[in-house]
Amino acid sequence: MINLTHSAVNAIKSAISSSTHPTGGLRVMIEAGGCNGFKYKMGLVEEPNPDDAVIECDGLKVFVDNKSREHLIGTTIDFVMALESSGFTFHNPNTTANCSCGKSFG
């Protein structure tokens with residue numbers, strides 16, 4: 001359902017190792033909003049919700065709720081380091097329009 005690049009896995013593992021809170025995995029979800037109607041949201045969480053899909057990627061657990069699943073099928077998450085900015089990027093084959101910020105889609 002979701003793929004993480006090697007760079008994304010390393011960035012997430014680094015965040016988990018420096019977290020002061022217990023972390024069981026990464027929650028990835030879609031929310032209404034952003035420039036094009038939907039936006040990506042990610043965060044470290046202790047455990048999945050009862051209705052979450054749990055996806056294993058290189059030893060990491062990724063939690064996706066029911067409402068977000070259909071929007072995230074086939075998505076690849078990468079972590080890019082650039083001079084202007086660094087951060088996570090999303091390649092989502094289900095989108096019809098993307099914002100220049102890379103964090104929202106339609």
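What you see is a predicted model; the values in this text were computed from it and never measured.
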key: Heavy-atom donor-acceptor pair, Ser18 side chain to Ser14 backbone, under 3.5 Å   = yes

Distance-only polar pair, side chains of Asn49 and Asp51, donor-acceptor under 3.5 Å = no

ask   = Under 4.5 Å between any side-chain heavy atoms of Phe63 and Leu26, yes or no?
value = no

inquiry  = What's the separation between atom CE in Met1 and atom CD in Glu70, rounded to the nearest 0.5 Å?
reply    = 10.5 Å

inquiry  = Side chains of Asn3 and Thr75, heavy atoms from C-beta outward: is any pair under 4.5 Å?
reply    = no

request  = Please name the pair of heavy atoms, one in Arg69 and one in Ala53, separated by the smallest distance, quoted to 0.1 Å.
outcome  = NH2-N, 3.1 Å

query = Does some side-chain heavy atom of Ile12 sit less than 4.5 Å from a side-chain heavy atom of Leu4?
reply = yes

message = Determine whether a donor-acceptor pair (N or O, by modelled atom type, separation under 3.5 Å) exists between the side chain of Ser19 and the backbone of His21.
response = yes

key: Side chain Asn92, main chain His71, donor-acceptor under 3.5 Å   = yes

query = Under the side-chain hydrogen bond (donor to acceptor under 3.5 Å, both in side chains) test, which residues partner Asn10, sequence neighbours left out?
reply = His6

Lys41 atom NZ, neighbour heavy-atom count above 12 within 6.0 Å = no

task = Answer yes or no: is there a donor N or O on one side and an acceptor on the other, between the side chain of Thr23 and the main chain of Glu46, under 3.5 Å?
result = no

query = Going by heavy atoms in the side chains, are Thr89 and Ile77 under 4.5 Å from each other?
reply = no

note = Between the OH atom in Tyr40 and the CD atom in Glu31, the distance rounded to the nearest 0.5 Å is 13.5 Å

message = Could you measure the distance from the CD1 atom of Ile55 to the CD1 atom of Ile2? Nearest 0.5 Å is fine.
response = 4.5 Å

request  = Tell me, please, which residues at least two apart from Phe79 pass ring pair (Phe, Tyr, Trp, His ring centres under 6.0 Å).
outcome  = Phe88

request  = Carefully, step by step, assess Ile16 and Leu44 under the rule side-chain contact (heavy atoms from CB on, under 4.5 Å).
outcome  = CA-CA 7 Å; Ile16 289 172; Leu44 300 177; 3.7 Å; yes

request  = Quick one: list whatever passes side-chain contact (heavy atoms from CB on, under 4.5 Å) with Lys67, sequence neighbours left out.
outcome  = Asp65

ask   = What distance separates Ser68 OG from Met29 CE, expressed to the nearest 0.5 Å?
value = 5.0 Å

task = State, to 0.1 Å, how close Gly74 and Pro93 come at their nearest heavy-atom pair, and which atoms those are.
result = O-CD, 3.5 Å

key: Interatomic distance, Asn94 atom CG to Ile73 atom CD1 [nearest 0.5 angstrom]   = 6.5 Å

Exam field: side chain Asp52 to backbone Val54, donor-acceptor pair closer than 3.5 Å = no

key: hydrophobic_cluster_shared for Val45 and Met42, side chain cutoff 4.5 Å   = no

request  = First locate atom CZ of Arg27, then atom CD of Glu47, and finally report the distance between them rounded to the nearest 0.5 Å.
outcome  = 9.5 Å

